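None of these values were measured; they are calculated from a predicted model. No hydrogens, no waters, no symmetry mates; every other heavy atom, side chains included, goes into these values.
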Amino acid sequence: MAKEREFREMMAEVRAIQESDDLTGSQEQAFTRYVMDALEELSESTQCDLAYHEKSLGTPDQQKLNGYAINDLGEGTILDLYVTYFDGSANSPFNAGKENITKAEKRAANVARKLIYGDFTNENPVSSPLYELARAMEDGQQFKESLSKIRIFIVTNGIYEGQSPKTINIAGYAISYDVIDFVRLVEFKKNELKPIEIDAAEILNGTGLSISCMRANNPNPDYDVYVAVIPAQFLVSIYEQYDTRLMQQNVRTFLMFSRKNGANQGMRTTIKDEPARFLAYNNGISATADSIELDESGHNLLKIGNLQIVNGGQTTGVIYYCAKRLKMDVSDVFVQAKISVIHNKQKFAEIVENISRYANTQTKVNTADFSSNNESLKVFERFTNYTLVPLGAPNQNTYWFFERTRNQYANTLAVEGFTPSLKKKFQARKPKCQAFNKERLALCVNSYAEVNKGEAQISPRWSVKGKQETFSRFVKHILPAPSKIDNIFFEDCIAKIIIFTTMEKLYGKKPNAIGDLRNVVVPYSLSLFSLLTDSQLDLYKIWMNQSLSEPLQKALYDLMVQVNAFILAESPKTNVMEWTRASDECWKLVKKNKDNWILDCESIQDDMVIPGSKRKRNKQHFNEGEEILVSDEEKIMAIPWEKWDEIIAWGAESGLLSESQRTDLLYKIRDNIKHNHPLQQIYIGIRALELVMEHKPEILDSIENPTDADEIE
């Protein structure tokens with residue numbers, strides 16, 4: 001029964017993605033996006049793009065692909081290819097069947113072969129969603145040199161109990177397979193991916209090598225520390241098998257390091273010229289584990305449970321790249337390792353964070369990278385908990401939901417929605433479509449406008465480059481200090497999320513879909529729009545309406561069409577994604593072309609802030625010296641019951657409050673305040689106050705408002 005319920009929930013999420021992303025008629029692609037999102041959450045893959053390709057089905061040359069991702073790990077690149085077997089008619093878990101997995105395996109391998117040997121562009125039109133990737137593999141010398149591995153993910157909404165296909169080799173590239181079925185997706189969503197259990201003795205069997213390891217004297221009961229000397233061949237083997245899963249606790253895993261990184265170049269030189277000195281020259285790695293088993297002597301490592309490399313991802317990546325792509329001999333290379341076996345699971349996150357913070361010495365890791373407990377994000381999260389969507393918006397009486405930590409929405413739903421009725425109530429108040437995580441927040445806010453002041457360098461290419469880089473810059477240059485965050489900052493952020501999300505939908509909405517560069521064109525077009533309008537878009541109006549006007553949507557769509565064509569025309573004969581995120585060259589060309597962009601400013605005049613106008617916005621901070629916000633109930637109670645008579649009368653006179661709303665205010669707010677009874681329909685009172693502050697703030701001038709009024713230009 002549990003599996004059937006989880007299956008229905010998964011399919012419901014897939015349908016929601018299909019609707020929100022306007023993937024009309026392509027539930028299979030919506031499912032592919034669902035899987036990609038799950039893998040990105042686990043840092044298994046990044047920068048995932050949908051790209052549907054099929055050809056010659058039923059023949060020996062049959063090809064199919066649903067998407068791809070380029071994982072830039074600094075010293076090496078991993079290319080992920082996604083192929084999907086999907087049954088949209090299934091209402092419960094079903095057997096995917098080995099024949100379907102084998103078919104998907106062959107189809108994806110044929111695509112990989114075409115890409116590697118450079119046949120794809122000759123056999124497919126320029127309009128193919130894979131054409132830019134194919135060009136990069138054919139003509140991008142740097143891309144080809146950095147490509148160390150290709151992974152094929154076979155994804156299905158069925159259950160597959162067989163083994164994943166074996167790794168193959170095409171023109172020197174290792175092609176590994178991983179089948180992700182319904183059961184594994186459930187594990188992903190529950191964050192219960194099976195831990196990595198490594199048998200070191202088995203991996204090193206026949207090599208004549210072993211891992212010297214000893215337990216250090218450590219009085220701390222929370223963890224034990226082991227010091228080991230690890231052969232490079234061991235690191236190569238486990239990285240080839242587990243790749244990014246080894247580094248889910250590594251803050252640098254996807255920070256997109258430059259291939260010109262000095263530390264990386266130094267490691268390569270040492271491996272090539274002085275491999276026996278690598279142990280002396282390199283800082284080594286820091287890792288965590290759940291358990292370690294030593295041999296009888298207590299000096300050699302046999303097994304290690306749930307290994308996670310916290311610091312040393314670059315070292316591991318460089319060694320793998322040198323061994324596999326550059327064909328260097330690493331048999332004399334050894335790496336020192338400090339492995340912390342953590343016993344106190346309640347302090348796991350704290351210990352890992354401190355290991356990351358203090359052990360990183362090869363390259364700087366900003367404090368911003370350790371974000372889960374960022375105080376400013378905690379303040380921002382509280383605003384989502386207290387702020388109702390404005391009255392009159394299509395989604396009124398709901399809240400937005402900020403996922404400050406991974407899977408927070410699902411975990412909160414599980415706690416608060418422990419019965420079907422409570423679950424439905426939670427989802428009605430906080431719909432999944434209004435949930436966003438910190439990376440999404442950073443992407444939408446950073447893309448809104450270019451920032452170029454001192455060290456604060458934010459342009460569209462950073463939004464394209466990757467989630468972690470985008471988030472890091474958001475925290476460092478845009479996110480205010482906790483005391484500076486107010487509801488105006490929160491409302492403007494939500495408005496920017498609404499703009500960005502709407503543009504994504506417009507870009508891919510059929511039958512007028514623009515192309516296959518959504519991840520590039522949306523942030524570039526939004527930043528350009530802000531440049532052309534001097535950032536005068538009325539964000540408060542968007543917050544109040546929770547949507548964009550039709551003229552504004554048309555203006556943004558028309559601009560995206562122009563930007564899409566411009567980028568395709570100006571990009572060199574390499575991968576467009578690489579070009580748009582490698583430097584600001586593309587953005588400089590976009591700005592240089594400023595006088596040639598066509599934007600109907602007259603049609604969106606009502607969407608702009610009127611120059612010289614002032615209006616009052618209700619500004620709300622934390623109470624000084626307190627750790628909670630003024631609640632909606634406290635704000636309503638602070639208004640005397642006599643003043644509610646004035647508000648109700650004004651609402652009738654202005655026509656801004658309906659008869660039913662005035663009745664609720666009279667009996668459920670005004671009378672309850674007068675007689676000191678519990679308040680009812682609090683959201684009606686808050687809506688009324690919002691309308692008063694927007695249209696007739698002087699009504700409240702004669703009382704001591706629990707919040708401050710701020711003049712906003």
Side-chain angles (χ1 to χ4, degrees), residues 1-42 44-45 48-69 80-112 129-130 151-165 176-190 192-194 410 432-433 508 510 513:
M1 287 295 292
K3 280 189 176 181
E4 290 187 2
R5 175 179 55 79
E6 289 165 342
F7 185 87
R8 289 195 299 270
E9 290 177 352
M10 178 186 74
M11 295 299 289
E13 286 198 49
V14 169
R15 287 190 290 272
I17 293 173
Q18 181 186 14
E19 181 179 345
S20 63
D21 282 358
D22 293 303
L23 297 169
T24 308
S26 183
Q27 200 171 87
E28 179 175 297
Q29 285 300 80
F31 174 72
T32 307
R33 169 53 63 192
Y34 174 85
V35 177
M36 287 176 166
D37 289 345
L39 291 177
E40 288 198 56
E41 281 292 317
L42 292 168
E44 285 271 333
S45 190
C48 299
D49 289 308
L50 292 173
Y52 191 83
H53 168 82
E54 68 171 38
K55 190 174 183 179
S56 305
L57 300 185
T59 72
D61 191 39
Q62 59 184 320
Q63 305 165 33
K64 183 182 177 184
L65 214 62
N66 293 77
Y68 68 92
D80 292 337
L81 303 178
Y82 291 84
V83 59
T84 303
Y85 168 65
F86 178 80
D87 186 349
S89 63
N91 296 314
S92 59
F94 65 95
N95 184 358
K98 185 176 181 180
E99 67 279 4
N100 293 312
I101 302 302
T102 301
K103 191 181 296 182
E105 169 199 354
K106 292 177 179 177
R107 290 173 174 177
N110 284 339
V111 176
L130 292 177
R151 303 184 298 188
I152 294 178
F153 289 108
I154 303 173
V155 301
T156 177
N157 63 331
I159 296 176
Y160 178 67
E161 297 179 347
Q163 297 292 319
S164 293
S176 65
Y177 293 92
D178 194 359
V179 178
I180 299 177
D181 66 348
F182 162 68
V183 174
R184 288 191 66 191
L185 284 169
V186 171
E187 291 175 350
F188 289 166
K189 287 298 181 179
K190 291 180 178 178
E192 295 176 354
L193 193 65
K194 292 181 181 178
K432 184 67 166 65
C433 62
K510 296 178 180 179

Arg107/Gln63 under side chain to side chain donor-acceptor pair (under 3.5 Å): CA gap, chis, key distance, verdict:
CA-CA 4 Å; Arg107 290 173 174 177; Gln63 305 165 33; over 6 Å; no
Please name all residues satisfying salt bridge (charged side-chain N to carboxylate O under 4.0 Å, His left out) with Asp87, sequence neighbours left out, ordered by chain then number.
none
Residues passing the salt bridge (charged side-chain N to carboxylate O under 4.0 Å, His left out) test with Glu54, sequence neighbours excluded, are none
Does the side chain of [Y] come within less than 4.5 Å of [X]'s, by heavy atoms?
X      : Y      : result
Asn157 : Tyr85  : no
Met36  : Phe153 : no
Leu39  : Tyr82  : yes
Glu28  : Asn66  : yes
Glu105 : Ser164 : no
Tyr177 : Arg151 : no
Gln27  : Val14  : yes
Val155 : Val83  : no

Donor-acceptor pair, side chain of [X] and main chain of [Y], under 3.5 angstrom:
X      : Y      : value
Thr156 : Gly158 : yes
Arg184 : Ile159 : no
Asp80  : Tyr68  : no

From CA spacing to verdict: side chain to side chain donor-acceptor pair (under 3.5 Å), Asn110, Gln62
CA-CA 7 Å; Asn110 284 339; Gln62 59 184 320; over 6 Å; no
Rounded distance [0.5 Å steps], [atom1] in [X] versus [atom2] in [Y]:
X     : Y      : atom1 : atom2 : value
Tyr34 : Glu13  : OH    : CD    : 4.5 Å
His53 : Leu65  : NE2   : CG    : 7.5 Å
Met11 : Ser92  : CE    : OG    : 10.5 Å
Leu81 : Ile154 : CG    : CD1   : 11.0 Å
Phe31 : Arg15  : CZ    : CZ    : 13.0 Å

side-chain contact (heavy atoms from CB on, under 4.5 Å) partner of Tyr160, chosen from Val183, Ile180, Val179
Val179
Just wondering, more than 12 heavy atoms not from Gln163 lying within 6.0 Å of its CD?
no
Do the charged groups of Asp61 and Lys106 touch, with an N to O distance under 4.0 Å?
no
Can you list everything that forms a side-chain hydrogen bond (donor to acceptor under 3.5 Å, both in side chains) with Asp181? Sequence neighbours excluded, please.
none
